[in-house]
A.B. asks: 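Would you mind keeping the following structure in view while I ask a few things?
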Amino acid sequence: MWVYIEKISEYVEKEVTIKGWLYNIRSAGKLMFPILRDGTGMIQGVVSKKDVTEKVWESFGKLTQESSVIVTGKVSKHPKKENVYELQISDMEIVSISEPYPITPKEHGIDFLADKRHLWIRSPRQAAILRVRNEIIQSIREYMYNNGFILFDTPIFTPNACEGTSTLFSTDYFDLGKAYLSQSGQLYAESGAMALGKVYTLGPTFRAENSMTRRHITEFWMMEPEMAYFDLDDDMNMIEDFLEYVVQRVIKNKRAELEILERDVTKLEKVKKPFPRITYNEAVEILRQKDVPLIKKTANGEEQIRPFPWGEDFGAPHEEAIVENYDKPVMVHRWPAHAKAFYMKRDPENPDIALGVDVLAPEGFGEIIGGSQREDNLDYLLERIKEHELPESEFQWYLDLRRYGSVPHSGFGLGIERLVSWICNLEHIREAIPYARRPNRIRP
RNA sequence: UGGAAGAUAGCUCAAUGGUGGAGCAUUCGGCUGUUAACCGAAGGGUUGGGGGUUCGAGUCCCCCUCUUCCAGCCA
């Protein structure tokens with residue numbers, strides 16, 4: 001009977017067939033120990049010369065790493081290890097002998113592995129990450145469904161920049177001129193919230209920024225909820241509830257994978273409501289107390305400005321300094337308005353402040369969520385569009401949302417790969433997606 | 001886009017300006033409980049590209065290409 005390795009413990013002392021690949025093989029005279037993988041896990045086989053035919057024995061001798069095989073044998077407990085199973089092999093059929101496999105069970109450089117990404121994903125660590133990614137996305141969809149959110153898929157081809165800031169990828173679009181690849185589905189999601197109450201988008205997003213860091217890819221997946229009648233506090237309440245659900249479900253269902261990744265799960269177990277909420281002003285106070293300066297590039301090098309001036313955006317060292325006090329995600333809210341996007345609503349108590357929130361993951365993973373309450377007043381929004389020198393004509397449909405039954409509403413954007421990086425404790429975001437797209441890499 | 005480091009066998013890395021090596025992978029042989037198994041043998045190289053200094057350059061100098069890390073932008 002064909003079974004998958006992840007279910008192997010249900011078949012102890014039974015004869016089963018596994019269809020998979022040879023991960024590695026060791027031999028000791030009349031014994032061989034092939035390690036098999038089938039996509040769901042790995043198991044060590046035991047081949048004894050006296051228990052198999054001459055043909056099967058010789059076939060095992062021919063196997064190279066990643067050769068595909070169909071193996072039959074009896075499942076047994078490992079003689080030395082608890083909760084580990086082996087396959088006492090009685091028969092084997094070669095499906096295909098692999099050519100010398102480039103990814104040997106030794107160390108490799110990152111550029112080589114990236115070139116061989118189509119094979120790299122077979123390795124236990126990469127496969128574990130992709131299983132966790134699947135669990136994360138499944139948890140997100142489940143949370144959203146269970147909480148009354150409607151999946152609202154937004155277009156990838158768009159006629160203009162959403163926020164007017166990032167550089168966009170462009171392509172020809174028939175007789176209509178240029179089309180741009182979406183850098184956010186938010187504006188469309190806002191229209192969805194006015195139609196359906198609570199909606200979310202989950203899909204690929206594109207940024208043509210030449211960002212060569214461990215936290216950036218040019219094509220990434222973003223989840224963007226948008227909720228009618230939610231103010232900033234409602235938004236933050238949802239963020240905490242949502243993040244707790246996803247993290248706790250992943251550590252419950254994907255413990256084996258997190259172990260392969262050597263993830264310290266106790267740190268994730270602490271991700272429970274409530275999360276610390278600090279205003280931008282309070283964050284600036286922390287930076288001043290810790291004497292973290294603003295570093296400005298000048299013609300002849302760098303200049304350190306202290307105390308940290310109000311109104312400046314935070315860089316990596318500032319996020320680090322703010323987050324290190326906490327072992328949960330930190331929500332920094334109420335930002336200087338001039339540094340933020342045009343659609344953010346101003347604080348009624350202070351027009352210099354925008355009702356935005358950034359969520360900084362613990363352990364130095366930085367921003368994983370950016371959100372805000374949206375400007376729902378037609379006149380203010382028109383003013384912002386003019387200030388940001390955006391083409392008003394392109395935003396008429398968006399402005400309609402304020403003309404016809406405008407309501408307070410809020411939402412946020414979550415970077416899926418950044419969430420995966422944090423939960424899996426990855427050194428680099430390129431491992432958080434099957435095929436990472438970066439400014440200098442589009443293959444394979 | 002700026003700063004730093006780097007490019008030598010299929011892979012990971014050594015090599016004082018003086019005959020380019022090792023481990024893994026591959027091929028062959030040995031071993032009845034191996035855990036990146038081990039032991040023995042073999043094959044495998046235009047030292048990223050171009051120019052220069054030198055009796056002699058993987059090594060020193062210049063240019064180019066590519067990669068990695070850090071910073072900015074952000075999710």
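For clarity, every value in this text was computed on a predicted model and none was experimentally measured. All chains are named by letter (A, B, ...) in the order of the sequence lines, taking the proteins before the strands, and each is independently numbered beginning at 1.
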A.B. asks: Under 4.0 angstrom, heavy atoms only, what part of the nucleic acid is A:His78 near: base, sugar-phosphate, or nothing?
C.D. replies: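 Base, at least one base heavy atom under 4.0 Å.
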A.B. asks: May I ask you to say what A:Arg430 touches in the nucleic acid, namely base, sugar-phosphate or nothing, with a heavy-atom cut-off under 4.0 Å?
C.D. replies: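 Answer is sugar-phosphate: A:Arg430 comes under 4.0 Å of backbone atoms only.
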A.B. asks: Over 60° means perpendicular and under 30° means parallel, so classify the ring planes of A:Tyr143 and A:Phe242, tilted if in between.
C.D. replies: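 The arrangement is perpendicular - the two ring planes meet at more than 60°.
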A.B. asks: Using a cut-off of 4.0 Å on non-hydrogen atoms, how would the nucleic acid contact of A:Thr213 be classed: base, sugar-phosphate, or nothing?
C.D. replies: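 Answer is base: heavy atoms of A:Thr213 come under 4.0 Å of a base.
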A.B. asks: Below 3.5 Å, does any donor atom in the side chain of A:Ser27 face an acceptor in the base of B:C31, or the other way round?
C.D. replies: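 A donor-acceptor contact between them is present.
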A.B. asks: When we call it a touch if two heavy atoms are under 4.0 Å apart, what does A:Ile103 touch: a base, just sugar-phosphate, or nothing?
C.D. replies: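 Answer is nothing: A:Ile103 stays at 4.0 Å or more from every strand.
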A.B. asks: At under 4.0 Å between heavy atoms, what does A:Glu224 touch on the DNA or RNA strands: base, sugar-phosphate, or nothing?
C.D. replies: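 Nothing: the residue A:Glu224, judged by heavy atoms under 4.0 Å, touches no strand.
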A.B. asks: Heavy atoms under 4.0 Å, any strand shown: does A:Gly366 hit a base, just sugar-phosphate, or nothing?
C.D. replies: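 Nothing, no nucleic acid heavy atom in range.
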A.B. asks: Please classify the nucleic acid contact of A:Leu414 as base, sugar-phosphate, or nothing, using heavy-atom distances under 4.0 Å.
C.D. replies: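 Contact class for A:Leu414: none.
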A.B. asks: Strictly below 4.0 Å, N to O, side chains only: are A:Glu13 and A:Lys74 in salt-bridge contact?
C.D. replies: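 A:Lys74 and A:Glu13: salt-bridged.
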A.B. asks: Select base, sugar-phosphate, or nothing to describe what A:Lys340 touches, counting heavy atoms under 4.0 Å on all strands.
C.D. replies: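 Touches nothing.
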A.B. asks: Looking at B:C74, does its base get a donor-acceptor pair with the side chain of A:His216 below 3.5 Å?
C.D. replies: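 Such a pair is found, so the answer is yes.
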A.B. asks: Indicate, yes or no, whether a donor-acceptor pair under 3.5 Å links the base of B:C66 to the side chain of A:Arg441.
C.D. replies: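 No, no donor-acceptor pair under 3.5 Å.
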A.B. asks: Reckon A:Lys49 touches a base, only the sugar-phosphate, or nothing at all at heavy-atom distances under 4.0 Å?
C.D. replies: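 It contacts nothing in the nucleic acid.
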